[in-house]
Amino acid sequence: MIDKIAESVAAALADVRDGSTVLIGGFGTAGIPAELIDGLIAQGARDLTVVNNNAGNGDTGLAALLATGRVRKIICSFPRQVDSHVFDGLYRSGKIELEIVPQGNLAERMRAAGAGIGAFFCPTAYGTELAKGKETREIAGRQYVLEYPIQGDVALVKAERGDRWGNLTYRMSARNFGPVMAMAARRTIASVHEIVELGALDPEAVVTPGIFVSKIVKIDRVATQAAGFKKAA
């Protein structure tokens, strides 16, 4: 019987190895799998390469993972925002590597990994520092840059509902990078707020099929603190 439900966050993350490339969903704090990140911190894997839309907010979630010193490199689109002081300090002191990837390219590079595409040409970043050292080609009168897929060893995503087969649905914008990251990783671990019986999810509404998911774990629903804003006194 297929049953991908993990008894705890710790159990779901037990097999993450040192040196892994970890794809972490989230757009700012929307859809970020905070409980899974906290679990990864407790699990202890180090020398990680992390792929995310940004480089952490405040002192929690991804920023807390960076603060442990166990992330060797981060690949993201927006490394600097009003509350990215943890990453900023690490980068300025030479303690973390950074690869900046335009947001559309970031999504497409992961989608390409999931679709089995070896490489693709994209016009974004042509003629800029981000294209330095990369192969370029003129196609139909337009200049393109060769980009390669980003494949993860593990993806950590936050979903809304799931079943024991690992089928997932998402809540609005919390979906963001979750589906492409799930496809691009060798193993996907998803947190969900609700686990339902088989057949309870409308097949037409399933965004990430269970074939792309290794483990799901149920977490409590907690209100997300808006990034970059302090609570009123």
Which atom names give the shortest non-hydrogen contact between [X] and [Y], and what distance separates them?
X      : Y      : answer
Gly210 : Asn167 : N-OD1, 2.8 Å
Ile150 : Ala113 : O-CB, 3.3 Å
Pro149 : Gly118 : CD-O, 3.1 Å

Within 6.0 angstrom of Lys95 NZ, more than 12 heavy atoms from elsewhere: no
What do you reckon, is CD1 of Ile211 surrounded by more than 12 foreign heavy atoms closer than 6.0 Å? no
Qualifying ring-ring contact (aromatic ring centres under 6.0 Å, His included) pairs, either residue in residues 107-160, two or more places apart: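 ring-ring contact (aromatic ring centres under 6.0 Å, His included) check on residues 107-160 returns no pairs.
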Of all pairs that satisfy ring-ring contact (aromatic ring centres under 6.0 Å, His included), the ones with a partner from residues 76-112, not counting sequence neighbours: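 As it turns out, the ring-ring contact (aromatic ring centres under 6.0 Å, His included) pairs with a partner in residues 76-112, which skip direct neighbours, are Phe87-Tyr91.
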Ser214 side chain to Ile189 main-chain N or O, any donor-acceptor pair under 3.5 Å? no
Check whether Ser77 reaches the backbone of Gln103 with its side chain - one donor and one acceptor, N or O, closer than 3.5 Å. yes
Positive for side-chain contact (heavy atoms from CB on, under 4.5 Å) with Leu62, one of Val86, Asn57, Ile74: Ile74
What residues, two or more places apart in sequence or in another chain, satisfy side-chain contact (heavy atoms from CB on, under 4.5 Å) together with Arg164?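 Applying side-chain contact (heavy atoms from CB on, under 4.5 Å) to Arg164 gives Met1, Asp3, Ile5, Leu198.
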Identify whether the distance between the nearest side-chain nitrogen and carboxylate oxygen of Lys218 and Glu160 falls below 4.0 Å. no
Could you list the donor-acceptor pairs under 3.5 angstrom formed by side chains in residues 34-51, with sequence neighbours left out?
{"from": "Gln43", "atom 1": "OE1", "to": "Ala45", "atom 2": "N", "distance (Å)": "2.8"}
{"from": "Gln43", "atom 1": "NE2", "to": "Leu13", "atom 2": "O", "distance (Å)": "3.4"}
{"from": "Gln43", "atom 1": "NE2", "to": "Ala14", "atom 2": "O", "distance (Å)": "3.4"}
{"from": "Gln43", "atom 1": "NE2", "to": "Val16", "atom 2": "O", "distance (Å)": "2.7"}
{"from": "Thr49", "atom 1": "OG1", "to": "Arg72", "atom 2": "NH2", "distance (Å)": "3.1"}

Show me, pair by pair, the donor-acceptor contacts under 3.5 angstrom made by side chains of residues 177-187, not counting sequence neighbours?
{"from": "Arg186", "atom 1": "NH1", "to": "Asp153", "atom 2": "OD1", "distance (Å)": "3.0"}
{"from": "Arg186", "atom 1": "NH2", "to": "Gln151", "atom 2": "OE1", "distance (Å)": "3.4"}

Sorted by first residue and then second, give each side chain to side chain donor-acceptor pair (under 3.5 Å) pair with at least one member in residues 193-205; sequence neighbours left out.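 Every side chain to side chain donor-acceptor pair (under 3.5 Å) pair that includes a residue of residues 193-205, provided the two are not neighbours, is Arg161-Glu194.
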